[in-house]
Structures are given as structure tokens and as C-alpha cells.
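Structure first, then comments.
Scope of the values below: all heavy atoms of this structure, side chains included, with no hydrogens, waters or symmetry mates. A note on names: the letters A, B, ... follow the listed sequences, proteins ahead of strands, and every chain is numbered from 1.
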Protein chains: 2
Amino acid sequence: MKRIAENTINRLIVYKKELERLRKDDVRNVFSHKLAFLSGFPSHLVRRDLMNVGYNGSPAHGYDVVELEKCIADFLCTPGSVRVILIGVGNLGRAILDYCQQQNHKISMVAAFDSDKNKVNKVYHGIYTFHIDSIKNFIKENDIKVAIITVPASDAQEIASALVESGVRGIVNFTPARLQLNEEVYIENLDMMLGLEKVVYFVDGG
Amino acid sequence: MKRIAENTINRLIVYKKELERLRKDDVRNVFSHKLAFLSGFPSHLVRRDLMNVGYNGSPAHGYDVVELEKCIADFLCTPGSVRVILIGVGNLGRAILDYCQQQNHKISMVAAFDSDKNKVNKVYHGIYTFHIDSIKNFIKENDIKVAIITVPASDAQEIASALVESGVRGIVNFTPARLQLNEEVYIENLDMMLGLEKVVYFVDGG
DNA sequence: TTTGAATTGTGAAAAAAATCACAATGCAAA
DNA sequence: TTTGCATTGTGATTTTTTTCACAATTCAAA
Ligand SMILES: NC(=O)c1ccc[n+]([C@@H]2O[C@H](COP(=O)([O-])OP(=O)(O)OC[C@H]3O[C@@H](n4cnc5c(N)ncnc54)[C@H](O)[C@@H]3O)[C@@H](O)[C@H]2O)c1
Ligand SMILES: NC(=O)c1ccc[n+]([C@@H]2O[C@H](COP(=O)([O-])OP(=O)(O)OC[C@H]3O[C@@H](n4cnc5c(N)ncnc54)[C@H](O)[C@@H]3O)[C@@H](O)[C@H]2O)c1
């Protein structure tokens, strides 16, 4: 099985989301051009990407929306359900907890953690908040593999190290800190400031 | 002047941030390996990227932290100051306003907009919130080129169209909506769910 | 001064990604 | 049935990006 490029994965996730939307609108079939338009990529790239997931459309009807969505989901290996935790129930953390509740996804938020006694043992947007001291046990007992970090940047490295030590293998890092981890962990840095700087660059020069 | 790849820009922004940190720690010089380690990219890629910005280090002392930071900043064209607005002062919007205040950047948040009368004419994290109806005038009068969208997904397209019509050329879109805009506008989609799905993919299979 | 060690900058090679272009397909309409 | 059309899937090609590898550079120490 050949390695798939990160960009391809990004696009597949977008296709999946667009297919989900089409399905909910009761659209049965979709052509590569349409999917390309919806997701913002060229249509030949859509077709090339779909070669990777091994789904065959028909020249006459294009792709079956339901089948293709399922095929991409299988390929992306989103299994029955993935349990995720969040660390740092501050402004951003609560916004994310809220956002996750709204999506009825295969990815489910199962717990939050904070060091602030005023936040511990409270429920935010349906998610129970535990004290940070219990996180290692929680991760091991519940076999958590993915976590979201929304603590202050100064605490991010310490938290990340503890997560990885306990078995976490993927981190979504919203802080501006660049995490240094020796073990092999997939880190997705979502620092808004970087995105904003990129936009500024492409707007006034690039 | 040759076109620079988006990935190169991403990396340059990270280098710049690491250099800023080094400067604040009074570090004078840095080698490509060190910068590579800090930013998480291979050192030959660091050197290759730096060729693009036209800064020359010395084999003996590596790069001058202050000069290189300045050189990248110039290259990225972050001019005196860029004014940015935010639309949608909800959970996420307020978290971002707070975050922007903490950074003392060349990018400055100058106003927020909302449709909710309870939020209009209030100040959140130092930023005044105007009614959404006044946004077109504001953009034109203040020559705003970049905006951040944190309204509900269902309103995102309408807002985005209005922004672009008024002169905005770059958008950071935090909603799951895929924006369709005919004019040439740079859009940075920061949908957390996509990042999370990517992490899940790379954790349990890729 | 000379040697040695570390690092830069960059041509060249390799690898990866995107694009092109078209045969093959399947359907609708004549 | 046959023709025409729009679309898929994919080899081939082009372009882009990354990696390799090493001459050139600089300095410190002998
Ligand atoms: N990527 C983005 O778009 C974006 C936007 C806003 C903020 N941020 C970043 O996200 C982080 C959080 O921002 P915020 O505005 O929510 O901050 P916040 O101060 O409101 O929240 C931080 C939370 O983390 C908790 N915390 C602190 N130390 C902890 C520890 N060691 N263990 C567990 N919990 C701990 C605090 O009690 C608090 O509840 C910051 O790093 C900020 O820079 C990112
Ligand atoms: N990318 C992420 O990580 C992330 C995280 C959380 C939420 N989100 C998304 O961000 C968006 C906002 O999330 P939230 O939790 O802050 O929601 P929210 O409901 O708390 O806030 C939305 C705000 O937009 C305002 N608004 C609504 N319609 C408007 C209009 N037409 N013009 C101006 N203002 C308007 C509302 O009054 C409210 O203040 C949603 O689309 C959500 O899906 C993204």
C-alpha cells in the first residue's frame, strides 16, 4: 500500500464533507467537475485523488454520492468511533467543545481537563471537566490516541509530553508553541496567527 | 520575481516566529540545523527556503537572528501595519479577539461586527463591536483588505460576498462552509474538524 | 601560517505532485 | 441500431518540491 500525500488526505476530507452535504440534500450522483467546484480544486485532481481510494464512477452518471462518501470514509479509516480529549477549558477550549457538540461525527469528545479548580468537575457544552492530575490514568484506561491542546502556550510542551508518555499519538495544537516530542506523534498545528499572516502575504504581494 | 510556493510561505512564517523567540531570548546567531530543529523541518529545506528571501548567512556564525528575522518579515511584506476585522463575536470570535490582543504584532485587529443587538456597541477584549449593517462602509472607509469570519456556517457565504464586494481580498474562514467567490480572493480555511480528521487518519493508519 | 572542523549555498538528481490528453465507456436521442 | 456527447480513468508529460552532495567559506587552534 503506497503512502498517500498529506495534500491528498486534506482534499479527500473536503470531498467527504461535500459529499455528506450532497447526501443530506438528497443528491444521488455527482460528476468530478461538480465535486471540484464545490471543494475548490481542479477536476482532474479530484479524479486523480479518487484513484487512490479505489472507487470507480461511471462516465454516464459520475459518482454515486453515498457510495463514494462511504468509500472515502473507509479509506480514511475513520472507524466506529474515535475518542478525543481536550486540555484547557478556556475561551478557545469552550468554543471548540461547543463546536464538536454540533457535529454528529464519528469523532467524539469524551472528556476535558483543566488545572483550574473552578472549572474542574463542571460540565461545559455537555463535556465533563476533570482535573489535569487525572489525565494520565484517563488516557491509559480509555485508550485515548488523539488530544486537542488549548492551554496557554507556556504549558503546552509539558502537557504534550505527558500526553505522549501516556499513549497519545496525535495532537491538534492550537497554541503558538512548537512542540518537541521524541516519539513519533502526528502534530497538527492550528495557530491562527500563521494562517492570518499567510493571508496577509497573499493579499498584498504574493 | 518568481512565484513562491505556499508551503515555503508557511515555513518562512514559522522560521520568523522562531527567530522572534530567539531574539527575545537574546540569542544572536543561529545555524540552519538549530532553526530546523526548532521549526520541525529538515535543515536543507531551511537553507533552500532562505535562498528565496535572499539572505546570506556565514558558514562560521550561521545566521544573524535579528537580520534574518527582518529579512523574512520584509520578504513576507508585512508592511507597517495591516488592519484586520472580525465578523461574529461568539464563543470563537471572542477567543480570537483575546488571542490577538496578546500578540504585539504588525497585524492589528481594528473592529468587530455582529448582528446581535446585545453585542453591538460593546467592547470585547479591547475591540469595539459594530452592527453588521455598517460593515460595508467601514471596509471602504478604512481600506480593509483582510477579514476573519466566525459567524455561524449558514451565514458565512453571505458575509463573505459582502466583504469581497466592499474590497476585502483575503479571508480567514473558521466556519465549515466552503466559500464560493468569483473574484480573486485568498481564502484560508481553518476548520478544526478537518485538522482533527487528518490527525485521526495519520494516527491510526497513514 | 597551516590544518581541521563545521557550516553555508547551490547545482544536480531524485521524488512527488499536478496537469494534460485521450481511449474507453455508457447513455440518450435519432 | 447507430451517432453524438459528456464523462471517467489513467498513461505520459510537465512542473514543482525535496533531497543529495560537495565546493566554498570562515574561524579557531596548533
Ligand atoms: N489557534 C487559535 O486560533 C487560537 C485562538 C485563540 C487562542 N489560542 C491559543 O489557545 C490557547 C488558549 O487560549 P484561551 O484564550 O482559551 O486561553 P484561556 O486562558 O482562556 O484558557 C486556558 C485554559 O487552560 C487552563 N490551564 C492552564 N494551565 C493548565 C495546565 N497546566 N493544565 C491544564 N489546564 C491548564 C486554564 O485554567 C484555562 O482554563 C493559548 O495558547 C492561545 O494562544 C489559539
Ligand atoms: N474552526 C474552529 O476551530 C471552530 C471552532 C468553533 C467554532 N467554529 C465555527 O465558527 C463559527 C462560530 O462559532 P461560535 O461557537 O463562535 O458560534 P456562536 O454562535 O457563539 O457565535 C456566532 C456569532 O455570530 C453572530 N452572527 C450570526 N449571524 C450573523 C450575521 N449575519 N452577521 C454578523 N454576525 C452574526 C452571532 O450573533 C454570534 O455572536 C461557527 O461556524 C462554528 O462552526 C469553528
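Out of C/dT8, C/dG9, D/dT18, the shortest distance to the side chain of B/L45 is found at D/dT18. In the set C/dT8, D/dT19, D/dC27, D/dC27 carries the atom at the smallest distance from any side-chain atom of B/A60. In the set D/dT7, D/dT26, C/dA17, the nucleotide with an atom closest to the side chain of A/A5 is C/dA17. Listed nucleotides C/dA21, C/dC27, D/dT25 differ in distance to B/P59; the shortest reach to its side chain belongs to D/dT25.
Where B/F31 and A/D49 meet DNA chain C, the nucleotide closest to each residue was compared, and B/F31 sits on the side nearer the 5' end.
Counting any heavy atom pair closer than 4.0 Å across all strands shown, A/T8 reaches no nucleic acid atom.
In this structure, B/N10 places its CG atom 10 Å from P of D/dT18, rounding to the nearest Å. We find that CG of A/L68 is positioned 11 Å from P of D/dT8, with the value rounded to whole Å. Protein atom CG of A/N52 is 11 Å distant from nucleotide atom P of D/dT10, rounded to whole Å. As rounded to whole Å, 11 Å separates atom C1' of D/dA6 from atom CZ of A/R47. Separating the CG atom of A/L50 from the P atom of C/dA18 is a distance of 14 Å, rounded to the nearest angstrom. Residue B/H33 contributes atom NE2, which lies 6 Å from atom P of C/dT7 at whole-angstrom precision.
Using a cutoff of 4.0 Å between basic side-chain nitrogens and carboxylate oxygens, A/E197 and B/K17 are not scored as salt-bridged. For the pair A/D74 and A/K70, the salt-bridge criterion is met [side-chain N within less than 4.0 Å of a carboxylate O]. Ion pairing of B/E20 with B/K24 is present here, as a side-chain N (NZ or NE/NH1/NH2) and a carboxylate O approach within less than 4.0 Å.
Here the closest heavy-atom approach between residue A/A160 and residue A/I171 is recorded as CB-CD1, 4.1 Å.
Taking 4.0 angstrom as the limit, A/S58 places none of its side-chain polar atoms (N or O) nearer than this to OP1 or OP2 of C/dT25. The phosphate of C/dA18 (OP1 or OP2) has a side-chain N or O of A/R11 nearer than 4.0 angstrom. The side chain of A/N56 contributes no N or O atom lying less than 4.0 Å from OP1 or OP2 of D/dT8.
Contact of B/R48 with C/dG11 (side chain to base): a donor-acceptor pair of N or O atoms is detected under 3.5 Å.
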